[in-house]
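This report refers to the structure that appears directly beneath it.
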Amino acid sequence: AQSVSQHNHHVILSEAASLELGCNYSYGGTVNLFWYVQYPGQHLQLLLKYFSGDPLVKGIKGFEAEFIKSKFSFNLRKPSVQWSDTAEYFCAVTYSSASKIIFGSGTRLSIRP
Amino acid sequence: ETGVTQTPRHLVMGMTNKKSLKCEQHLGHNAMYWYKQSAKKPLELMFVYNFKEQTENNSVPSRFSPECPNSSHLFLHLHTLQPEDSALYLCASSQVTTGAYNEQFFGPGTRLTVL
């Protein structure tokens with residue numbers, strides 16, 4: 001079955017630490033990949049997306065993600081986190097063979113000031 | 001600022017009540033979605049409407065009844081809900097092109113509490 005896995009349920013970091021959140025998806029052909037963020041009390045919003053081309057994708061607020069096809073991964077990274085990055089992060093994928101987007105279970109990121 | 005609005009933002013209802021959630025998108029998209037977001041669970045896709053036609057129903061109980069009168073509006077009618085239906089209900093929209101489901105734009109959600 002098509003699925004998305006996010007390995008970390010809760011990550012706690014200090015400000016200025018580097019961040020990497022894991023995301024793996026199951027094989028299913030051509031994919032489009034997304035990271036969404038949900039800040040406390042706010043709606044889900046798109047952080048970045050990969051459709052094709054350069055596998056290193058840059059998003060808003062200094063985030064980037066790398067699509068590694070051989071590993072079925074799309075990990076999210078940020079070199080230096082800020083307290084304002086405290087949020088829940090969702091990886092998602094659409095398969096060309098399916099008519100819906102599949103979300104991972106989310107990773108809660110807490111940043112210590 | 002979001003192009004997807006949802007009302008009400010909060011709703012408390014008893015198990016015998018009937019209520020409706022409303023979603024409106026101002027983005028000119030052709031697909032709309034209902035999701036359920038519960039604590040410590042993955043986002044659950046409930047319904048998908050593509051060009052006003054329901055294309056997905058993920059085994060959702062019949063006490064949830066969607067309605068899509070046009071491509072800009074989506075409703076979720078609620079009837080005889082259970083306490084475990086308490087959750088954040090999210091609406092989203094996207095532009096679907098041939099063979100591609102693009103990114104979705106989410107509303108702020110309706111926080112539903114069933115007593």
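Here is how names work: the chains are called A, B, and so on, in the same order as the sequence lines, proteins then strands, and each is numbered from 1. Please read these numbers as outputs of a predicted model, since none were measured by experiment.
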Out of curiosity, [X] [atom1] to [Y] [atom2], how far, rounded to the nearest 0.5 Å?
| X | Y | atom1 | atom2 | result |
| --- | --- | --- | --- | --- |
| A/I102 | B/L43 | CD1 | CG | 12.0 Å |
| B/Q104 | A/F103 | CD | CZ | 5.5 Å |
| B/E103 | A/L48 | CD | CG | 11.0 Å |

For A/E88, which atoms come within 4.5 Å of any heavy atom of chain B: side chain, backbone, both, or neither?
neither

Which atoms of A/L44 are under 4.5 Å from chain B, going by heavy atoms: the side chain, the backbone, both sets, or neither?
both

ILVMFWY cluster, [X] and [Y] together (side-chain gap under 4.5 Å):
| X | Y | value |
| --- | --- | --- |
| B/Y49 | B/L45 | no |
| A/L46 | B/M32 | no |
| A/I68 | A/V4 | no |
| B/Y89 | B/F75 | no |
| B/V48 | B/V60 | no |

All heavy atoms of B/F106 vs all of A/H43, minimum pair found to be O-CD2, 3.7 Å

Check whether more than 12 heavy atoms from other residues, nucleotides or ligands sit under 6.0 Å from atom NE2 of A/H9, and answer yes or no.
no

Given that the side chain runs from C-beta out, which part of B/Q6 has a heavy atom under 4.5 Å from chain A: side chain, backbone, both or neither?
neither

